[in-house]
Amino acid sequence: MNGVVEQESLFLADLGRRVRHARTVRGLSRKTLSQTSGLSERYIAQLEGGQGNVSIILLRRVANAMGVRLDDLITGTDAIPDWPVVRDLVTRATPAQIAAAKAVLSGNAQGGGAMRQRVALVGLRGAGKSTLGRLTAERIGWTFIELNAEIERENALSVREIFAIYGQEGYRRLEQAALRRLTEHPGPMILATSGGIVAEPLTYDLLLQNFYSIWLRAKPEEHMQRVRDQGHLAMTGDHATAMQELRAVLMSREPLYARCQATVDTSDIPLDTMVERLTAAIETRFGLGARVASV
């Protein structure tokens with residue numbers, strides 16, 4: 001019996017870790033998650049601390065007794081008969097095999113062609129995506145598009161209204177739809193994305209497959225100051241823990257941001273130097289030297 005209790009404790013601890021990571025990478029505080037989920041902050045804290053509701057353990061015991069996986073009971077994958085086989089094959093596949101399978105499933109198996117002149121700017125709020133993107137686009141003669149503005153235009157609602165009506169899940173669904181349409185946009189463009197786009201695997205993969213993605217990286221202190229200068233500090237929490245929360249979000253997202261094809265550091269440099277660095281990164285990728293020089 002002690003062995004069972006120990007396994008259950010490990011399971012809850014691992015579950016808590018995954019919940020905490022999922023919350024942090026999306027930039028949500030416990031208070032915000034509490035408000036949107038209808039659960040108390042205390043319960044969320046207990047869940048993240050490995051002290052989840054006993055019903056989770058009971059369900060896991062039922063799954064174990066039947067010899068099935070817990071995720072099969074929760075996600076309802078019985079509609080896909082071959083799913084258990086595919087799942088087990090994926091867990092044993094090499095990175096190359098997974099990449100090939102993903103290309104087939106996403107419709108990019110043919111590939112091979114040169115990437116269109118499309119750049120996506122990725123990074124935490126305050127990275128400079130909108131400002132640098134607009135200035136750089138003007139400099140090299142490309143179209144500049146802000147993904148949030150595109151979502152608002154397509155749905156005739158502000159981002160705030162979309163969140164209020166449809167919630168985070170609804171917003172992410174609209175975000176992916178807008179991004180998919182932008183992959184068909186003619187002509188060269190620079191796209192400024194939301195900081196949390198990396199938290200949605202399918203949307204982020206769509207971005208990485210169709211855009212030359214650049215991570216605009218900065219120190220946490222600079223992110224915070226820029227957000228303060230923009231007048232958005234209230235959205236990150238104007239209190240002593242704001243910096244701690246920002247660091248936690250940045251730390252959780254860094255491995256995802258690092259998947260970008262290039263990184264431009266914007267810390268401790270003036271705006272014109274930031275533009276120079278971003279322009280150089282685009283110029284190097286697409287061979288725009290002569291064109292940029294003539295602008």
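All residue numbers in this chain count up from 1 along the given sequence.
Here the shortest heavy-atom pairing between R139 and V275 reads NH1-CG1, 3.9 Å. Contact record, S130 with F144: O-CZ, 3.6 Å, taken as the closest heavy-atom pair. Minimum interatomic distance between V25 and A22 (heavy atoms only, all atoms of both residues): CG1-O, 3.4 Å. Minimum heavy-atom separation, A127 to T266: O-OG1, 3.8 Å.
The line from CD1 of I190 to CD1 of I140 is 4.0 Å long, rounded to the nearest 0.5 Å. Between the CZ atom of R23 and the OG atom of S252 there is a distance of 9.5 Å, given to the nearest 0.5 Å. With rounding to the nearest 0.5 Å, the separation of OG in S213 from CZ in R118 is 12.5 Å. Note: M274 CE to T279 OG1 = 13.0 Å, rounded to the nearest 0.5 Å. Between atom OG of residue S267 and atom CD of residue E222 there is a gap of 4.5 Å, rounded to the nearest 0.5 Å. In this structure, the separation between CG on L39 and CG on L47 is 8.5 Å, given to the nearest 0.5 Å.
Here the rule is side chain to side chain contact (heavy atoms under 4.5 Å, CB included) with V122, and of L207, L191, L216 only L207 fits it. Just one residue in the list E175, R173, E169 forms a side chain to side chain contact (heavy atoms under 4.5 Å, CB included) with Y171, and that residue is E175. The residue from D265, T273, L271 that alone fulfils the side chain to side chain contact (heavy atoms under 4.5 Å, CB included) condition with I269 is T273.
Proximity of a side-chain donor or acceptor of K129 to a complementary backbone N or O of T193 within less than 3.5 Å is detected. Using a distance-only test at 3.5 Å, with no hydrogens or angles considered, a donor-acceptor pair links the side chain of R26 to the main chain of A199. The backbone N or O of H21 sits nowhere less than 3.5 Å from a side-chain atom of T24 that would complete a donor-acceptor pair. Judged by distance alone, the side chain of T91 and the main-chain N or O of D88 form a donor-acceptor pair under 3.5 Å. A donor-acceptor pair is defined here as one N or O able to donate and one able to accept, closer than 3.5 Å; no such pair exists between the side chain of Q209 and the backbone of L206. Remark: side-chain polar atoms of H223 are not paired, donor with acceptor, to backbone N or O of L246 under 3.5 angstrom. Formation of a donor-acceptor pair under 3.5 Å by the Y204 side chain with backbone atoms of L256 is found in this model. Under the 3.5 Å distance criterion, the side-chain polar atoms of N155 are matched with a main-chain donor or acceptor of I151. In this structure, the side chain of T203 does not engage the main chain of Q176 through any donor-acceptor pair within 3.5 Å.
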Requested in this report: Check the pair R17, L12 against side-chain contact (heavy atoms from CB on, under 4.5 Å), reporting the backbone distance first and the verdict last.
Outcome: CA-CA 9 Å; R17 178 189 59 77; L12 286 176; over 6 Å; no

**Report entry** E152 and S158: CA distance, side-chain angles, deciding distance, side chain to side chain donor-acceptor pair (under 3.5 Å) verdict
**Finding:** CA-CA 5 Å; E152 292 179 332; S158 69; 5.0 Å; no

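At a threshold of 4.5 Å between non-hydrogen side-chain atoms, the residues R172 and S194 count as touching. Looking only at side-chain heavy atoms (C-beta outward), F211 and L179 come within less than 4.5 Å of each other. For the pair E48/R30, a side-chain contact is recorded, criterion being any heavy-atom separation below 4.5 Å from C-beta on. With a 4.5 Å cut-off on side-chain heavy atoms, R285 and Q261 do not count as touching. Side-chain atoms of W215 and V264, non-hydrogen and from C-beta on, never get closer than 4.5 Å to each other. Counting heavy atoms from C-beta outward, L182 and E150 have side chains that approach closer than 4.5 Å. Side-chain atoms of L124 and R217, non-hydrogen and from C-beta on, never get closer than 4.5 Å to each other. In this structure the side chain of K219 reaches within 4.5 angstrom of the side chain of D268, judged on heavy atoms.
Sequence neighbours left out, the pairs with a member in residues 176-191 that pass salt bridge (Lys or Arg N to Asp or Glu O under 4.0 Å) are E154-R181.
F163 and L174 fall within the same hydrophobic cluster, defined by Ile, Leu, Val, Met, Phe, Trp and Tyr side-chain heavy atoms under 4.5 Å apart, directly or through other members. Linking Ile, Leu, Val, Met, Phe, Trp and Tyr whenever their side-chain heavy atoms come within less than 4.5 Å leaves L89 and I98 in two separate clusters. Note on I165: it clusters hydrophobically with V159, by side-chain heavy-atom contacts below 4.5 Å among ILVMFWY residues.
The environment of OH in Y166 is sparse: at most 12 heavy-atom neighbours from other residues, nucleotides or ligands sit within 6.0 Å.
For the 3.5 Å distance criterion, the side chains of E41 and S34 fail to qualify, holding no donor opposite an acceptor.
Ion pairing between E221 and R247 holds under the 4.0 Å rule for side-chain N and carboxylate O.
When the side-chain contact (heavy atoms from CB on, under 4.5 Å) test is applied to A262, the partners found at least two apart in sequence or on another chain are Y212, I214.
Under the 30°/60° scheme for interplanar angles, the aromatic rings of W142 and F286 are found to stand perpendicular.
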